[in-house]
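These notes concern the structure reproduced below.
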Amino acid sequence: MEREMKEKAKGCCSVEERYTQWKSLVPVLYDWLANHNLVWPSLSCRWGPLLEEATYKNRHRLYLSEQTDGSVPNTLVIANCEVVKPRVAAAEHISQFNEEARSPFVKKHKTILHPGELIWDVETQPNRHAVLGAATSRPDLVLKGHKDDAEYALAMCPTEPFVLSGGKDKCVVLWSVHDHISTLAVEADSDDKQGSIIGGNNEKGKENSSIGPRGIYEGHTDTVEDVQFCPSSAQEFCSVGDDSRLILWDARVGSAPVVKVDKAHRGDLHCVDWSPHDINFILTGSADNTIHMFDRRNLKSGEVGSPVYKFEGHDAPVLCVQWNPDKSSVFGSAAEDGIVNIWDHDKVGKTTADSADSTSPGLFFRHAGHRDKVVDIHWNASDPWTIVSVSDDCESSGGGGTLQIWRMMDLIYRPEEEVLDELEKYHSHIFECNS
């Protein structure tokens with residue numbers, strides 16, 4: 001026990017030292033950063049629509065899911081965030097923030113009390129207060145089909161109103177919101193007929209609407225941890241789980257796996273993302289601390305996965321991977337080591353002055369602003385190099401979480417020729433001023 005306590009104390013010191021060093025470099029590495037303290041950890045974060053554009057900053061919608069200790073209900077938080085535009089914020093303002101305070105750039109807009117995985121129309125839902133004993137908010141739609149909890153694996157199709165989920169029942173379940181619309185049309189027609197006889201006094205509207213699945217897909221032997229649609233099809237999707245499997249599905253050909261890779265990693269798989277730029281590429285993150293990039297054209301069932309690239313740069317299980325919406329070769333990863341890594345697979349195998357001594361090919365930026373496990377990240381599609389990341393700080397501080405919105409200096413990711421040309425202009429300007 002004493003040895004474990006010493007090792008934990010040593011780890012805390014190293015985390016604090018890393019954080020102190022990172023904070024001293026914020027004015028050099030970042031174009032903008034906002035730090036927001038959370039009372040309860042958020043296990044997911046997603047950008048919503050761009051709400052307003054102004055001269056120096058834009059206002060965005062942001063969605064967070066707060067997980068409490070049970071003393072108050074779990075909540076879905078809808079926030080409005082002001083994101084300062086590139087090359088506007090002064091360096092001294094970026095680095096001056098209080099880790100224990102809430103950011104003035106993040107304002108809570110609405111709170112929904114939710115009991116589980118449901119469909120919500122956040123614009124029409126009333127604002128609620130999270131207090132013990134409060135009745136949960138009434139969902140707009142309940143999706144039925146799982147036989148056990150489905151806590152982490154959830155995806156919305158980018159092309160059609162389809163929803164995908166995975167759970168502890170080892171199943172992947174597919175729904176179509178169109179089925180709800182069809183049901184409403186049938187019920188409306190039935191209500192009209194009944195109304196002509198009994199005066200239209202119908203109580204059905206008070207019940208929660210629900211729909212059954214389009215399909216239930218079985219192929220995993222343990223909990224399904226993440227699911228993802230193919231960006232170009234509502235009928236093709238993939239899933240990963242604690243059985244180390246990566247499975248590809250196609251609803252058009254039945255409920256059996258199209259491809260089932262039995263050993264995609266050497267540990268549990270926690271996350272998966274399908275490239276929106278090239279539908280052949282799929283990323284997976286694992287408890288073995290690595291990220292694999294697969295080419296689905298090379299995948300075969302029953303075999304050990306042979307990734308195109310294997311990325312090593314985390315010291316703990318990888319919890320999230322996501323492709324950059326702007327540049328096809330760039331993606332981000334987050335892990336239990338408290339780090340968000342930004343990678344470029346085009347840089348793998350290319351030796352530069354910066355990468356010659358690198359032990360993590362493809363890695364070109366490390367965000368070390370969190371002091372506990374980073375559970376989710378999301379790129380902003382309207383501002384492609386702005387990222388939101390959230391950490392669960394229960395182990396480091398005994399509770400709560402941290403939300404950070406950040407954008408690295410564009411000199412870091414822009415093409416080298418552009419950067420050198422710009423630096424040359426500044427060099428000439430400085431030379432002229434000195435002379």
According to the interplanar angle, ranging from 0 to 90°, do the rings of Phe331 and Trp343 count as parallel (below 30°), tilted (30 to 60°) or perpendicular (above 60°)? parallel
Tyr19 ring centre to Arg371 NZ or CZ under 6.0 Å, with the angle to the axis within 45°? yes
Do the side chains of Asp148 and Lys170 get close enough for a salt bridge, i.e. N-O under 4.0 angstrom? no
Salt bridge or not between Arg59 and Glu53? Use side-chain N to carboxylate O under 4.0 Å. no
Sequence-distant partners of Val39, side-chain contact (heavy atoms from CB on, under 4.5 Å), two or more places apart: Arg102
Side-chain (Ser233) to main-chain (Cys230) donor-acceptor, under 3.5 angstrom: no
Run the numbers on Ser209 and His180 for side-chain contact (heavy atoms from CB on, under 4.5 Å), then give the verdict. CA-CA 8 Å; Ser209 298; His180 172 54; 3.4 Å; yes
Look at Asp376 together with Arg46 and state whether they make a salt bridge at an N to O cut-off of under 4.0 Å. yes
Result of checking Val388, Asp383, Ile387 against Trp47 for side-chain contact (heavy atoms from CB on, under 4.5 Å): Val388
Leu299 and Leu246, any side-chain heavy atoms less than 4.5 Å apart: yes
For Asn37 and Thr402, indicate whether the former's side chain and the latter's backbone hold a donor-acceptor pair under 3.5 Å. no
I'd like to check Trp406 versus Val340 (side-chain heavy atoms, cut-off strictly below 4.5 Å). Are they in contact? yes
For Ser165 and Ala153, indicate whether the former's side chain and the latter's backbone hold a donor-acceptor pair under 3.5 Å. yes
Are the side chains of Val374 and Val390 in contact, using a 4.5 Å heavy-atom criterion? no
Thr68 and Asn74: side-chain donor and acceptor closer than 3.5 Å? yes
Quick one: do the His220 and Ser239 side chains pair a donor with an acceptor below 3.5 Å? yes
Give a yes-or-no answer on whether the side chains of Asn80 and His60 include a donor-acceptor pair shorter than 3.5 Å. no
Give the intermediate values and the outcome of side chain to side chain donor-acceptor pair (under 3.5 Å) for residues Asn280 and Asp278. CA-CA 5 Å; Asn280 291 310; Asp278 187 334; 3.2 Å; yes
Is a side-chain N or O of Arg87 found less than 3.5 angstrom from the main chain of Met409, in a donor-acceptor match? no
Within 6.0 angstrom of Arg266 CZ, more than 12 heavy atoms from elsewhere: no
Within the distance-only criterion (no hydrogens, no angle test), does the side chain of Asp31 pair as donor or acceptor with the backbone N or O of Met408 below 3.5 angstrom? no
Between the side chains of Ser65 and Ser44, does any donor sit under 3.5 Å from an acceptor? yes
Are there more than 12 heavy atoms of other residues, nucleotides or ligands under 6.0 Å from atom NZ of Lys85? yes
What about the rings of Trp323 and His277, do their centers lie closer together than 6.0 Å? no
Does the plane of the ring in His370 sit parallel, tilted or perpendicular to the ring in His367? Use 30° and 60° as the thresholds. perpendicular
Residues Asn35 and Gln404: side-chain donor-acceptor under 3.5 angstrom: yes
Does Lys168 have more than 12 heavy atoms from other residues, nucleotides or ligands lying within 6.0 Å of its NZ? no
Are Lys23 and Phe97 in a cation-pi contact, defined as NZ or CZ under 6.0 Å from the six-membered ring centre and within 45° of the axis? yes
Pairs involving residues 278-302, ordered by first then second residue, that meet ring-ring contact (aromatic ring centres under 6.0 Å, His included) (sequence neighbours left out): His265-His292, His292-Phe294
Between Val88 and Lys57, is the side-chain contact (heavy atoms from CB on, under 4.5 Å) condition met? List the steps. CA-CA 9 Å; Val88 170; Lys57 56 189 176 182; over 6 Å; no
Any side-chain donor-acceptor pair under 3.5 Å between Gln67 and Asp392? no
Please confirm whether the backbone N or O of Ser286 pairs with a side-chain atom of His270, one donor and one acceptor, at under 3.5 Å? no
Would you mind checking if Asp179 and Arg214 are paired as a salt bridge, meaning a charged N to carboxylate O distance below 4.0 Å? yes
Side-chain contact, heavy-atom cut-off 4.5 Å: Asp242 with Glu225? yes
For Glu312, does its backbone N or O pair with a side-chain atom of Ser360 as donor and acceptor, under 3.5 Å? yes
Cys271 side chain near Val240 side chain, heavy-atom distance below 4.5 Å: no
Hey, are His314 and Asn289 close enough side-chain-wise for a donor-acceptor pair under 3.5 Å? no
Please answer whether the main-chain N or O of Lys144 pairs with a side-chain N or O of Trp175 as donor and acceptor at a distance below 3.5 Å. yes
Other residues, nucleotides and ligands only: do more than 12 of their heavy atoms fall within 6.0 Å of NZ on Lys110? yes
For the residue pair Trp249 and Phe237, categorise the inter-ring angle as parallel (less than 30°), tilted (30 to 60°) or perpendicular (more than 60°). parallel
Ile342 and Val330, any side-chain heavy atoms less than 4.5 Å apart: yes
What distance do Ser176 atom OG and Ile211 atom CD1 have between them, rounded to the nearest 0.5 Å? 6.5 Å
Is a salt bridge present between Arg296 and Glu236, judged by a nitrogen-to-oxygen distance below 4.0 Å? yes
Indicate yes or no: at least one non-hydrogen side-chain atom of Val163 is less than 4.5 angstrom from one of Met156. yes
Step-by-step side-chain contact (heavy atoms from CB on, under 4.5 Å) determination, Leu403 to Leu62: CA-CA 11 Å; Leu403 178 149; Leu62 181 67; 3.8 Å; yes
Between Ile412 and Phe364, is the side-chain contact (heavy atoms from CB on, under 4.5 Å) condition met? List the steps. CA-CA 8 Å; Ile412 296 173; Phe364 73 93; 3.9 Å; yes
Does a side chain donor of either Thr386 or Trp379 reach within less than 3.5 Å of an acceptor in the other side chain? no
If I take atom NE2 from residue His36 and atom NZ from residue Lys107, how far apart are they, to the nearest 0.5 angstrom? 9.0 Å
Taking only Lys NZ, Arg NE, NH1 and NH2, and the carboxylate oxygens of Asp or Glu, determine whether Asp344 and Lys327 approach each other closer than 4.0 Å. yes
Given 3.5 Å as the limit, does a donor-acceptor pair link the side chain of Ser301 with the main chain of Lys260, or not? yes
Less than 4.5 Å apart, side chain to side chain, heavy atoms only: is that true for Arg407 and Val83? yes
With sequence neighbours excluded, residues passing ring pair (Phe, Tyr, Trp, His ring centres under 6.0 Å) with Trp40: none
